[in-house]
Amino acid sequence: HEKGFEVSVNWKDDSIILTGTIDRIDVIENIAKNRLGIRIIDYKSGHKKFSIAAIAGKIDMQLVLYALAAVKLARKGGIDKANTPLSPQVSAILYNRINDDMIAEEIDGSAKTAAEKERRQKLDGLVILDGDDTCDGLTPDNEVLAEMDSGLSAKGSSDYLNISFKSGKLYRYSQVTNRADFDVLE
């Protein structure tokens, strides 16, 4: 679902037009909450890792710019399924690492352990909670988390995302933030 975009951003006293291509945009309609959840996935070769510090420091803004562009595209009806009057909100910004080392390990069976292989194949990024939801008191059956990985509530950890729960509480290294904190990054 590759999608081209053009977005205007303000930089100092100027307006700059950026163009690019988002590798993948998934949408999840939630009519009851009048929300169109947008999940952005950028395919990466090599060892690129998601860093909230790099985003907060405005060093690596790629996924945030993709988020801004995807919301604008959705508002204009430029994303499949997004022709509804639902309010677009980014639900996740993620890297999907694909590299030759992982493929070679698959072929020759040299992966260190099944757990290491599984960890390296998870999407790396940030899941953004809905509305007033916060990370404190979050449960595995949270609506946004369930939309991202329907098996999360049953197992307490995600097969696809760096999210897990220990003793019913969100594990501190889980990559989840609330809407207000994400909006500050934009």
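Distance CD1/Ile93 to CD1/Ile55: 4.5 Å, rounded to 0.5 Å. The CG atom of Asp136 sits 9.0 Å away from atom NZ of Lys169, with the distance rounded to the nearest 0.5 Å. Note that OG of Ser91 is 4.5 Å distant from CE of Met148, once rounded to the nearest 0.5 Å. Atom OH of Tyr95 sits about 11.5 Å away from atom CG of Leu126, to the nearest 0.5 Å. The CG atom of Asp23 sits 9.5 Å away from the CD1 atom of Ile41 when rounded to the nearest 0.5 Å. Separating the OG atom in Ser158 from the NZ atom in Lys122 is a distance of 5.5 Å, to the nearest 0.5 Å.
The shortest non-hydrogen separation linking Leu123 to Gln175 is O-OE1, 4.5 Å. Contact between Ala74 and Leu36 at its shortest, heavy atoms only, is CB-CD2, 4.1 Å. Summarising the geometry of Lys3 relative to Gly78, their closest heavy-atom pair is CE-O, 2.5 Å, with the distance given to 0.1 Å. Minimum heavy-atom separation, Val90 to Ala67: CG2-CB, 3.7 Å. Of all heavy-atom pairs spanning Gly4 and Leu73, the tightest one is O-CD1, 3.8 Å. Across Phe50 and Gly125, no two heavy atoms sit closer than the pair CG-CA, 3.5 Å.
Here the two rings, on Tyr66 and Phe5, have centers that are under 6.0 Å apart.
The main-chain N or O of Ser164 is found under 3.5 Å from a side-chain atom of Ser174 such that the two form a donor-acceptor pair. Looking only at distances, no side-chain donor or acceptor of Asp159 sits under 3.5 Å from a matching main-chain atom of Gly151.
For the salt bridge (Lys or Arg N to Asp or Glu O under 4.0 Å) condition, no pair includes a residue of residues 86-95, sequence neighbours left out.
Ile38 has its side chain out of reach of Gln89: every pair of non-hydrogen atoms, C-beta onward, lies at least 4.5 Å apart. The shortest side-chain heavy-atom distance between Asp149 and Ile163 does not fall under the 4.5 Å cut-off. Within the 4.5 Å cutoff, the side chain of Ile98 has no heavy atoms near those of the Ser45 side chain. Residues Glu147 and Arg35 form a side-chain contact, since some pair of their non-hydrogen atoms from C-beta on lies under 4.5 Å apart. With a 4.5 Å cut-off on side-chain heavy atoms, Leu129 and Thr177 do not count as touching.
Listed by chain and number, the residues in a side-chain hydrogen bond (donor to acceptor under 3.5 Å, both in side chains) with Tyr160 amount to none (sequence neighbours excluded). Under the ring-ring contact (aromatic ring centres under 6.0 Å, His included) criterion, Phe165 pairs with no residue, sequence neighbours left out. For the salt bridge (charged side-chain N to carboxylate O under 4.0 Å, His left out) test, residues two or more places apart in sequence or in another chain that qualify with Lys48 are Asp60. Under the rule for a side-chain hydrogen bond (donor to acceptor under 3.5 Å, both in side chains), the partners of Ser15 that lie at least two apart in sequence or sit in another chain are Ser8. Applying the side chain to side chain contact (heavy atoms under 4.5 Å, CB included) rule to Thr21 yields the partners Glu2; only residues at least two apart in sequence or on another chain are considered. Listed by chain and residue number, Asp26 satisfy the salt bridge (charged side-chain N to carboxylate O under 4.0 Å, His left out) test with Arg39 (two or more places apart in sequence, or in another chain). With sequence neighbours excluded, no residue satisfies side-chain hydrogen bond (donor to acceptor under 3.5 Å, both in side chains) with Ser167. With sequence neighbours excluded, the residues forming a salt bridge (charged side-chain N to carboxylate O under 4.0 Å, His left out) with Asp124 are Arg97, listed by chain and number. Residues satisfying the side-chain hydrogen bond (donor to acceptor under 3.5 Å, both in side chains) criterion with Asp42, sequence neighbours excluded, are Lys44, Gln62.
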Go through Val127 and Leu145 one step at a time and tell me if the side chain to side chain contact (heavy atoms under 4.5 Å, CB included) criterion holds. CA-CA 8 Å; Val127 173; Leu145 296 181; 3.9 Å; yes
Could you go through Ile128 and Val144, starting from their C-alpha distance and side-chain angles, then the distance that decides it, and tell me whether this counts as side chain to side chain contact (heavy atoms under 4.5 Å, CB included)? CA-CA 8 Å; Ile128 300 102; Val144 171; over 6 Å; no
I'd like to know whether Cys135 forms a side chain to side chain contact (heavy atoms under 4.5 Å, CB included) with Leu170, so could you lay out the CA-CA distance, the side-chain angles of the two residues, the decisive distance to 0.1 Å, and finally the verdict. CA-CA 7 Å; Cys135 294; Leu170 186 66; 4.0 Å; yes
Side chain to side chain contact (heavy atoms under 4.5 Å, CB included) evaluation trace for Glu6 with Lys72: CA-CA 9 Å; Glu6 182 176 291; Lys72 285 184 179 186; over 6 Å; no
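The 12-atom threshold is exceeded at CD1 of Ile16, counting heavy atoms of other residues, nucleotides or ligands nearer than 6.0 Å.
Grouping the Ile, Leu, Val, Met, Phe, Trp and Tyr side chains by contacts below 4.5 angstrom, directly or via other members, places Ile59 apart from Val9.
Looking at Lys33 and Glu143, a side-chain N of the basic residue comes within less than 4.0 Å of a carboxylate O on the acidic one, giving a salt bridge.
Tyr173 belongs to a hydrophobic cluster whose remaining members, ordered by chain and number, are Tyr171; membership requires side-chain heavy atoms of ILVMFWY residues under 4.5 Å apart, directly or through intermediates. Chaining together hydrophobic side chains whose heavy atoms lie under 4.5 Å apart leaves Ile17 on its own.
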